[in-house]
Amino acid sequence: MSHDTIDESLYSRQLYVLGHDAMRQMSSSNVLVVGLLGLGAEIAKDIALAGVKSVTLYDPNPVQVQDLSSQFFLRMEDVGKPGVTRASATAVRLAELNPYVPVRALDVPELDKETLLSFKVVVLTHTNLGEQLRVNDITHDQGTHFIAADVRGLFGTVFNDFGSHFVCKDTTGEPALHGMVVSVSKDSEGLVTTVDETRHGLEDGDYVTFAEVQGMTELNGIEPRRVTVKGPYTFTIGDTSNFGDYVGGGVFKQVKQPRELHFKSLRESQLEPECMMSDFAKMDRPLILHAAFEALYSFEVQNRRSPRPRNADDAQAVLDLALALLKARGQAAEDEATKKLVHLLVRELAFQATGDLSPMSAFVGGFVAQEVLKACSGKFHPLLQHMYVDALEALPQQVSSLPESEFAPQGSRYDGQIAVFGKAFQARIANTREFLVGSGAIGCEMLKNWSMMGLASGPEGRIYVTDLDTIEKSNLNRQFLFRPKDVGQFKSDTAAAAVMEMNPDLKGKIVTYQNRVGTETEDVYDAAFFAQLDGVTNALDNVAARVYMDSRCVYFRKPLLESGTLGTKANTQVVVPDLTESYASSQDPPEKSIPVCTLKNFPNQIEHTIQWAREQFDELFEKPATNVNQYLSQSDYLSSLAASGESSYKQQVEQIKAYLVDARPQSFDACIVWAREKFEENYVNMIKQLLFNLPADAKTTTGQPFWSGPKRAPTPLTFDPQNELHMAYIVAAANLHAFNYGLHGSNDVAHMAQVASQVQVPTFVPREAKVQINDNDPAPSAVGNATEDQAALEELVASLPAPSTLAGYRLQPADFEKDDDSNYHIDFITAASNLRATNYQITPVDRHTTKGIAGKIIPAIATTTALATGLVNLELYKLLDGKRDIESYSNAFVNLALPFIAFSDPIAAPKHKFNDTEWTLWSRFDVDDMPLRDFIQYFHDVHGLDITLVSGAMAMLYADFMPPKKKEERLGMKISELVATVSKKPIEPHVTHIGIEIMADDRQGEDVEVPSVSVRIK
């Protein structure tokens, strides 16, 4: 597949994870998925969305009702239907996901050698060990990569064999590191020192190349040199003693090196397994589970059935087989603790062998699907070679004391879940009320899991879901409940309809909203709304909304399930009232901003020029049109702007006059002329002015060259109508300018080049001006006669046409939209950025890279989303069981690229104390509405606190340092009256409680931190 044939509008977010090369490799790879229970369906879904060449399904078994426990492609009408197999029923619905990926069901009695070797990857799920060995014996070292995976209840297993010589092209997928060089020593070590603004980030064994090195030019363009790290800003590259003397400059760039990996066959690996640690708290479990799964497969072959749910005799038979295997391999347990663990794990695996849980299928299936993509593309480090997982903490506390009948099949679609948790717990799941905030990628996966689990399917159950967004084409690659026909529809409505079709038990049980969660919708999501909920699940894409929902959950004491993804990385967090800290208890450090002086005068990275171009877009095509419209529609716009003391008042007036009078185009050719003048202004005159103030040979006050280190001396451009980049700028800028004025644009590059080449640009005349070199320096300001300046400004304002003379006339602001490839927005930013990069000798980048940075696109892929939601729903089981041991819960941190999975216990809510009372973030004072005087007395008498300050509604309501008259007036007012008076806002009718904060001294007169106060007003 060539670059041009990748549908970037569909695969946009995934391309920022995998890149074009990996996508091309995937698009030439045929994949076979064997076994179509929940795990197989999850894998097939994720790889079809990702865009492999084709997906072939093999499962000749007829559809049974228990398959519906986790197989979201199957329907009740498929059960027992003559001629319908799991594969054929799945193929029809899987084919709807991606028009670029053909899907077929394979109808053969057995998978022979010719069939197997026709695929790039073969994935076996829910297949006995004998068949796994047979297939792997055929595929090993034959160019067909092999993966075997299985999920049984709360247990999972994965095995990879990509052959004995598999080349991994990029083990991490992280962007190549780069930086600027300050010096290189001329000796046997070759010590490189980088600028001290940013750590180089390299590790021993990395390779780098160099460019732009002055003096020691032998470094430029040579073969990559191996790095030995000496410090955060230094590394060595080997002997440089025969090179020239280093003079200055230079940049280094990391060169990713392919790595050859050696896989053993399953037959070899079965005897000496190499296991990835999926949970560092369970390091003693993989070898036990390795034997346990083999024993389970042996039992099923011998008995032609799986062990019965929680049947002691079957479990003992599997245990005996496992103990024999461990003994034969010299792995028999010696100590009592290990023996006890062996018995627990093997018996539980046998008890749960017929269990089929959607969250476990999502967790393991997302992981396996990413391994499939690695096998196809060589991108990211594959699993070497076994992984075993268990989530036994999710079992209900009383499960071991329940009779076998509690877990027996009911002829229900939930039998796979009942086999693990029992009938009573299934009823608890069915009568749950959960609020899902967001129905995008994570939200779709969450609803899919819930529909399989039967969440809210009972008489008391409800799912409330809100999302204000509508469906876009780029969503279809990972938000799998949506189809092309749904583009433009509300996400919440469409997602709800899709899962009700998956599981008709949810009909009438899902309530949808199309609004944002925030202070503006607290009349919708009020106290009564939260009172009915069992919990909240976030599926959000921004921190502000997460923090807000976290605060609401803390206030209303509701558990919160939180998750997020970034490419192949994911994290999950569970928030439990009175037990854990909340989401907002710890926050990521703020994004590092680019200094203004770097953006304006001293860029040295492409990120700097892209940010500059993004701001140029707003300054040229959005803000001026908006200001003009405000001037034309608001009679007091200029006076209010002047009264506000806005420093850019004069600039905005000049801008209004330019866009409304001086530069108002009457034709598209005039827009071309305008674009040519902007080219001259930004890439010629601006650079000449900077070099006039700071010549290329300028020195610092210490006598060092000014243009050195991170400061690159720029070069002005000369407009060339034959230069594609120059014309790309003219085309985009002219069309956007025409859009502002409602003029028809054009793509006639030849005509535009002709017009642009004839524009007579004025000769540049430099002016005396200061340059802001550091952000701490004062911004340059024009010096002049204040009286004359004011008179000139008044004259400028008077020259503007009266709005009444342009009644109804408006410009069209260009509101930045990254995903519309026809609107010239990204085209302009790409061209503007690359022209500035050329000014400063920075390597330009393509449109795709520019779009990702300018649009702040979050990389996303379906595999990671599936895995994260699976982990979240394992925590939901625990919440529904009401577990109070913090060690029962887990927060997860995942990077599928490495691969890496780690779990940690949630952090306990920190404890505080006033007087003899301990409290946490979950504590608060609940009081009735009362006069402030009584309120203060209440806290003194009941809690031993002397209040010194009361605040609420973003205002100070009372302080003991207030003037006596004001204090006395406020002490007599009820809290509700006081809040309404001070905030100057009436209390909304839906509000039943007011949250306020107090500062107080304890009985010893010490200032202490205390909980917030909830005042009941209704």
*Asp618/Arg614 under salt bridge (Lys or Arg N to Asp or Glu O under 4.0 Å): CA gap, chis, key distance, verdict*: CA-CA 7 Å; Asp618 285 347; Arg614 175 66 184 86; 2.9 Å; yes
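Ser585 places a side-chain N or O within donor-acceptor distance of the main-chain N or O of Ser582, the cut-off being under 3.5 Å.
Between Phe435 and Tyr525, the gap from one ring centroid to the other is short of 6.0 Å.
Separation of atoms CG (Leu874) and CG (Leu879) is listed at 11.5 Å; rounding is to 0.5 Å. Separation of atoms CD (Glu562) and CE (Met549) is listed at 10.0 Å; rounding is to 0.5 Å. If you take CD1 on Ile594 and CG on Leu599, they are separated by 5.0 Å, rounding to the nearest 0.5 Å.
The existence of a salt bridge linking Asp928 and Arg1016 is confirmed by a sub-4.0 Å separation between a basic side-chain nitrogen and an acidic carboxylate oxygen. Between Asp960 and Lys967 no salt bridge is recorded (no basic side-chain N to carboxylate O distance below 4.0 Å). In summary, Glu977 and Arg970 do not engage in a salt bridge, as defined by a charged side-chain N under 4.0 Å from a carboxylate O.
A side chain to side chain donor-acceptor pair (under 3.5 Å) with Lys491 holds for exactly one of Gln479, Gln514, Glu472; it is Gln479.
For Thr494 and Asp486, the side-chain atoms include no donor-acceptor pair closer than 3.5 Å.
Counting non-hydrogen atoms of other residues, nucleotides and ligands closer than 6.0 Å to NZ of Lys1018 gives a total above 12.
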